[in-house]
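As the structure is a computational prediction, the values presented were derived from the model and not from experiment. In what follows, every heavy atom counts, from backbone to side chain, and hydrogens, waters and symmetry copies are set aside. In what follows, residues are counted from 1 in the order of the sequence shown.
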Amino acid sequence: MKDVWISISNKQNDGREQGDSTLMFDTAGYYFFDDGVGVLSYQESELTGLEGTRTSVMVMPNQVVVDRDGMLTGRMVFREGVRDAVPYATPYGQMMLGIDTRKIRHNFNENGGDMEIDYVTDLGHAYVMKNKFRISVKEMEKTNG
């Protein structure tokens, strides 16, 4: 397992006139790569609204799985060309959040890599938001001393 620097951006568009909103942040985390699968994990912060939650991302050749554990617990599975549904808690009760993955691109290896996922979310089949989620993982530079 390596100490890494993780850069994350999530661009969202809900179809309203305001246009895109983008959340960008950098954080320290951990990464390992084995047999074509990259796994990274990091602690969410107040900036994301998920403080107290650990996020793990498993990048496989044909899918990406995002697991969250802590203040928010859940799993999102992204498979290009496939719509998956996951339970989503709202103030009005539990609903199913649809995740329609349009495109996944990644190039992970033992040194880190980059990933981009284009997907659309819906609640109960009603359009919610178009998303472009990007992650870049780079090994932290070692310092002497």
Side-chain angles (χ1 to χ4, degrees), residues 1-140:
M1 188 163 296
K2 297 179 181 184
D3 292 328
V4 293
W5 196 245
I6 303 169
S7 298
I8 299 170
S9 78
N10 191 28
K11 183 164 77 171
Q12 300 177 322
N13 186 312
D14 63 4
R16 297 185 189 159
E17 291 181 23
Q18 294 93 325
D20 296 337
S21 66
T22 302
L23 172 67
M24 295 172 40
F25 67 99
D26 297 322
T27 188
Y30 302 100
Y31 174 76
F32 73 91
F33 185 84
D34 185 44
D35 199 25
V37 177
V39 179
L40 61 114
S41 71
Y42 60 92
Q43 196 69 35
E44 296 283 353
S45 70
E46 188 177 319
L47 177 66
T48 64
L50 300 174
E51 190 173 19
T53 300
R54 171 153 301 282
T55 296
S56 299
V57 180
M58 186 180 323
V59 182
M60 296 168 268
N62 297 319
Q63 70 179 1
V64 175
V65 178
V66 177
D67 282 315
R68 291 199 167 103
D69 189 35
M71 184 188 94
L72 176 72
T73 301
R75 169 175 275 204
M76 298 171 71
V77 178
F78 299 93
R79 295 179 288 164
E80 193 168 307
V82 176
R83 181 184 177 277
D84 284 307
V86 297
Y88 183 74
T90 73
Y92 308 104
Q94 186 110 344
M95 298 182 76
M96 294 304 285
L97 175 68
I99 302 168
D100 185 1
T101 305
R102 305 294 172 89
K103 190 158 194 103
I104 298 175
R105 293 172 289 286
H106 60 78
N107 63 351
F108 280 89
N109 59 39
E110 52 279 332
N111 299 315
D114 299 296
M115 174 189 75
E116 182 175 285
I117 303 174
D118 291 325
Y119 66 100
V120 174
T121 56
D122 66 74
L123 280 175
H125 293 281
Y127 173 87
V128 174
M129 198 164 300
K130 183 177 180 184
N131 302 270
K132 186 173 281 193
F133 181 58
R134 293 182 175 144
I135 291 182
S136 179
V137 177
K138 295 189 179 7
E139 201 171 345
M140 283 191 184

J.: State the CG-CZ distance between Leu40 and Phe33, to the nearest 0.5 angstrom.
T.: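 The distance works out to 12.5 Å.
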J.: State, yes or no, whether a side-chain contact exists between Arg68 and Met76 at a heavy-atom distance under 4.5 Å.
T.: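 In short, these two side chains touch, coming nearer than 4.5 Å.
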J.: Name the residue from Ile99, Val65, Val64 that meets the side-chain contact (heavy atoms from CB on, under 4.5 Å) definition with Val77.
T.: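 It is Val65, the one option of Ile99, Val65, Val64 that forms the side-chain contact (heavy atoms from CB on, under 4.5 Å) with Val77.
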J.: Counting heavy atoms not belonging to Asn109, are there more than 12 under 6.0 Å from its CG?
T.: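 Correct, the count exceeds 12.
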J.: Does atom NZ (Lys130) have a neighbourhood of more than 12 heavy atoms from anything else shown, all under 6.0 Å?
T.: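 Atom NZ in Lys130 is not crowded, with 12 or fewer foreign heavy atoms closer than 6.0 Å.
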J.: Is the backbone of Thr53 close enough, under 3.5 Å, to the side chain of Glu44 for a donor and an acceptor to pair up by distance?
T.: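 The answer is no, because no donor-acceptor pair under 3.5 Å joins these two groups.
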J.: With no hydrogens and no angle check, is any side-chain donor or acceptor of Lys2 less than 3.5 Å from a backbone partner on Glu110?
T.: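 Indeed, once roles are kept as given, a pair shorter than 3.5 Å links the two residues.
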J.: Quick one: pull up OH in Tyr42 and OG in Ser56 and give me the separation to the nearest 0.5 Å.
T.: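 It is 9.0 Å, given to the nearest 0.5 Å.
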J.: Which one of Glu80, Lys132, Arg134 satisfies the side-chain contact (heavy atoms from CB on, under 4.5 Å) criterion with Asp118?
T.: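 One option only clears the test, and that one is Lys132.
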J.: Could you pull out the closest heavy-atom pair between Ser7 and Asp26, with the gap in Å?
T.: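 Of all heavy-atom pairs spanning Ser7 and Asp26, the closest is OG-OD1, 2.7 Å.
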J.: For a side-chain contact (heavy atoms from CB on, under 4.5 Å) with Phe108, tell me which candidate from Val39, Val137, Val37, Val57 qualifies.
T.: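 Answer to the side-chain contact (heavy atoms from CB on, under 4.5 Å) test with Phe108 among Val39, Val137, Val37, Val57: Val137.
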J.: To the nearest 0.5 Å, tell me how far Asp122 CG sits from Met129 CE.
T.: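 Going from CG on Asp122 over to CE on Met129, the span is 12.0 Å.
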J.: When rounded to the nearest 0.5 angstrom, what is the spacing between CD1 in Ile104 and CG in Asn62?
T.: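 Going from the CD1 atom of Ile104 to the CG atom of Asn62 covers 8.5 Å.
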J.: What's the spacing between Arg54 CZ and Asp69 CG if we round to 0.5 Å?
T.: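 Atom-to-atom, Arg54:CZ and Asp69:CG are 9.5 Å apart.
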J.: Working to the nearest 0.5 angstrom, can you tell me the gap between Asn10 CG and Met24 CE?
T.: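 If we round to the nearest 0.5 Å, Asn10:CG and Met24:CE are 11.5 Å apart.
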J.: Please report the closest heavy-atom contact between Arg83 and Gly98, naming both atoms and the distance.
T.: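 Smallest heavy-atom distance, with atoms named: NH2-CA, 3.5 Å.
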J.: Please report the closest heavy-atom contact between Asp114 and Ser136, naming both atoms and the distance.
T.: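 Scanning both residues, the minimum pair turns out to be OD1-OG, 2.7 Å.
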J.: Under the side chain to side chain donor-acceptor pair (under 3.5 Å) criterion, do Ser9 and Lys11 qualify, and how do the steps go?
T.: CA-CA 6 Å; Ser9 78; Lys11 183 164 77 171; over 6 Å; no
J.: Closest heavy-atom contact between Tyr30 and Met1?
T.: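 Of all heavy-atom pairs spanning Tyr30 and Met1, the closest is CB-SD, 3.4 Å.
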J.: Answer yes or no: is there a side-chain heavy-atom contact under 4.5 Å between Thr101 and Arg79?
T.: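 No, every pair of side-chain atoms sits at 4.5 Å or beyond.
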J.: Within the structure provided, determine whether Arg102 and Val120 are in side-chain contact (heavy-atom separation under 4.5 Å).
T.: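 Yes. Closest side-chain heavy atoms under 4.5 Å.
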J.: Closest heavy-atom contact between Val128 and Leu123?
T.: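 In this case the closest contact between Val128 and Leu123 is CG2-N, 3.5 Å.
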J.: Within the side chain of His106, is there an N or O that forms a donor-acceptor pair under 3.5 Å with the backbone of Met60?
T.: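 It does hold such a pair.
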J.: Using modelled atom types and a 3.5 Å cut-off, is there a donor and acceptor pairing between side-chain atoms of Asn131 and backbone atoms of Phe133?
T.: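 No, because the side chain of Asn131 does not come within donor-acceptor range (under 3.5 Å) of the backbone of Phe133.
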J.: Which heavy atom of Val66 sits nearest to which heavy atom of Phe78, and what is that distance?
T.: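 Taking Val66 first and Phe78 second, the nearest heavy atoms are CG2-CE1, 3.8 Å.
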